[in-house]
Amino acid sequence: MISYAFKALFANKLKTFLIILSLIFSIVSIFLISSISNGVISMYSSMLKSDGDIIVTQAKISDTFFSNVNINLVEKINNLKDIKDTSAMTVGASPVEKLPIVAVYGVTQNRFKNYTLIAGSNPSKNEVIIGKSIFEQLSNKNEIQIANKTFKISGVFKSEIGFENGGVVLNIDEAGEIFNKSASMILINTTLNANIENIIKEIKNLSDEIDVKSTQNFVDNYNQFKIIKTSSNVISFIAFSMGLLGIVSLMSITINQRKAEFGIKRALGIKTSKIVYSIMVESFLLGVFSFISALIISNVTLYFVKNAKSLQGYVNGEISVELAFYIFVTSILMAIIGSIIPALNAAKTDPVELIQGNKI
């Protein structure tokens, strides 16, 4: 059956090539859209999870960029039971030299340990450390200007998290002066086996102006992540639909050209189900080949995207095993569904009409 399927595919080289091209384009689109959206979410999530079991933000705000939390809460939180460490961060953005937007992080002293320095030292007053991907693009590697203030570059760090590797880090009090806020969020590490829910309740009692969640709960319910995921799903569905439409059209043309072949099979007594099954095998092979090709193309594309200087490390895709399996199933379904409609139409047509060459 498989050898026959290969012969049938090679007998219609141009149509087979066009179907594969249509499949690859659709699958690559789904791969890139899904992996880049997952990568963005993963980078921001990793940044938050690296330094906290609990996150405190301003209540009733839509994004951490707009959050303003009183940094004096850090001392009060540290006095609670089962608190291991508490740090604060201010998140902002600013143009730097020719770069239109660069992430700026103001952090407390205990958070500088998260940044692996490859040159220089942690910043003192009026100093910053720069992510490697940003530093390489600077004309002036001694100082930078953020808003209306100039800072000396005291060090360069490297991070696997693209948002950090493409960012600027300074002391939180100086970031507060620039962005006019105390802190965007407070990140809390608890002791082993601590009761997270009880700690969250205690922290909430400290102020009516804050929202307190476990970091995992915050990530799962963050509005911006929901928007990214929803947009990704919608665009992926559109790519799937366009690919399916293209395959149905091409398969209809291909099967129409093979109508005499199907007519002879029907006349010889071969069941309709067997004819349809043979076409499904051909479609399965097309789907597998297209998926493998799309996976290779997507990985190569994501490599160049990740290392593109113009993107500053902010765009990064991740193709997980789960995502690859999901898209593999999608690819096979796209190929089979796209072929089964014209195949059923051909297989049910009277064999005499098929042999005579009438239209399906």
Side-chain angles (χ1 to χ4, degrees), residues 1-39 231-262 275-308 311 315 317-347 359-360:
M1 181 65 75
I2 293 178
S3 60
Y4 173 78
F6 274 117
K7 287 179 182 178
L9 291 173
F10 281 113
N12 300 274
K13 292 185 179 66
L14 179 59
K15 302 298 187 300
T16 300
F17 173 75
L18 292 174
I19 293 169
I20 289 174
L21 199 62
S22 179
L23 273 170
I24 289 175
F25 180 80
S26 299
I27 298 167
V28 167
S29 299
I30 297 171
F31 256 129
L32 295 181
I33 293 164
S34 302
S35 60
I36 289 174
S37 63
N38 287 347
S231 301
S232 170
N233 291 337
V234 170
I235 297 171
S236 295
F237 178 76
I238 293 171
F240 175 86
S241 301
M242 290 178 66
L244 186 60
L245 184 62
I247 293 162
V248 169
S249 301
L250 289 168
M251 285 299 291
S252 295
I253 296 170
T254 302
I255 290 173
N256 191 52
Q257 290 180 336
R258 296 170 63 187
K259 56 192 174 184
E261 172 194 336
F262 297 139
I275 295 173
V276 174
Y277 177 71
S278 67
I279 295 173
M280 288 177 65
V281 172
E282 294 173 24
S283 302
F284 177 80
L285 294 174
L286 287 172
V288 171
F289 179 79
S290 300
F291 170 79
I292 294 171
S293 302
L295 181 61
I296 294 170
I297 293 170
S298 299
N299 275 306
V300 172
T301 303
L302 290 173
Y303 172 81
F304 285 109
V305 166
K306 182 179 180 179
N307 293 280
L311 297 176
V315 181
E318 292 184 350
I319 298 179
S320 62
V321 174
E322 182 182 358
L323 177 62
F325 177 76
Y326 159 74
I327 295 179
F328 174 75
V329 173
T330 302
S331 306
I332 301 303
L333 286 175
M334 194 188 304
I336 291 177
I337 294 172
S339 64
I340 201 169
I341 298 171
L344 283 169
N345 189 26
K359 290 184 180 180
I360 295 174

inquiry  = Applying side chain to side chain contact (heavy atoms under 4.5 Å, CB included), can you list everything that pairs with Leu18, at least two apart in sequence or on another chain?
reply    =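 Testing Leu18 for side chain to side chain contact (heavy atoms under 4.5 Å, CB included), a comparison that skips the adjacent residues, returns Leu14, Leu250.
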inquiry  = Tell me every residue that passes side chain to side chain contact (heavy atoms under 4.5 Å, CB included) with Ile238, counting only those two or more places apart in sequence or in another chain.
reply    =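 Result, side chain to side chain contact (heavy atoms under 4.5 Å, CB included) vs Ile238: Val234, Met242.
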How far does [atom1] of [X] sit from [atom2] of [Y], to the nearest 0.5 angstrom?
X      : Y      : atom1 : atom2 : value
Phe17  : Ile24  : CZ    : CD1   : 8.0 Å
Ile36  : Leu302 : CD1   : CG    : 6.0 Å
Ile332 : Met280 : CD1   : CE    : 10.5 Å
Leu333 : Ser283 : CG    : OG    : 11.5 Å

Test item: Thr301 and Val28 side chains (from C-beta on) under 4.5 Å apart, heavy atoms =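 Not in contact.
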Side-chain heavy-atom pair Ser331, Leu23 within 4.5 angstrom cut-off =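 Side-chain contact under 4.5 Å: no.
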key: Set of residues satisfying side chain to side chain donor-acceptor pair (under 3.5 Å) with respect to Ser37, sequence neighbours excluded   =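 Expected list: Ser232.
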Compile the donor-acceptor pairs under 3.5 Å between side chains in residues 288-299 and protein atoms, sequence neighbours left out, one pair per line.
from: Ser290; atom 1: OG; to: Leu286; atom 2: O; distance (Å): 2.7
from: Ser293; atom 1: OG; to: Phe289; atom 2: O; distance (Å): 2.9
from: Ser298; atom 1: OG; to: Ala294; atom 2: O; distance (Å): 2.7
from: Asn299; atom 1: ND2; to: Leu295; atom 2: O; distance (Å): 3.0

Show me, pair by pair, the donor-acceptor contacts under 3.5 angstrom made by side chains of residues 320-329, not counting sequence neighbours?
from: Ser320; atom 1: OG; to: Leu323; atom 2: N; distance (Å): 3.1

key: Sole residue of Ser231, Ser26, Ser34 in side-chain contact (heavy atoms from CB on, under 4.5 Å) with Ser236   =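 The residue from Ser231, Ser26, Ser34 that satisfies side-chain contact (heavy atoms from CB on, under 4.5 Å) with Ser236 turns out to be Ser34.
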inquiry  = For a side chain to side chain contact (heavy atoms under 4.5 Å, CB included) check, start with the C-alpha distance between Ile235 and Ile30, then their side-chain angles and the critical distance, and finish with the verdict.
reply    = CA-CA 8 Å; Ile235 297 171; Ile30 297 171; over 6 Å; no
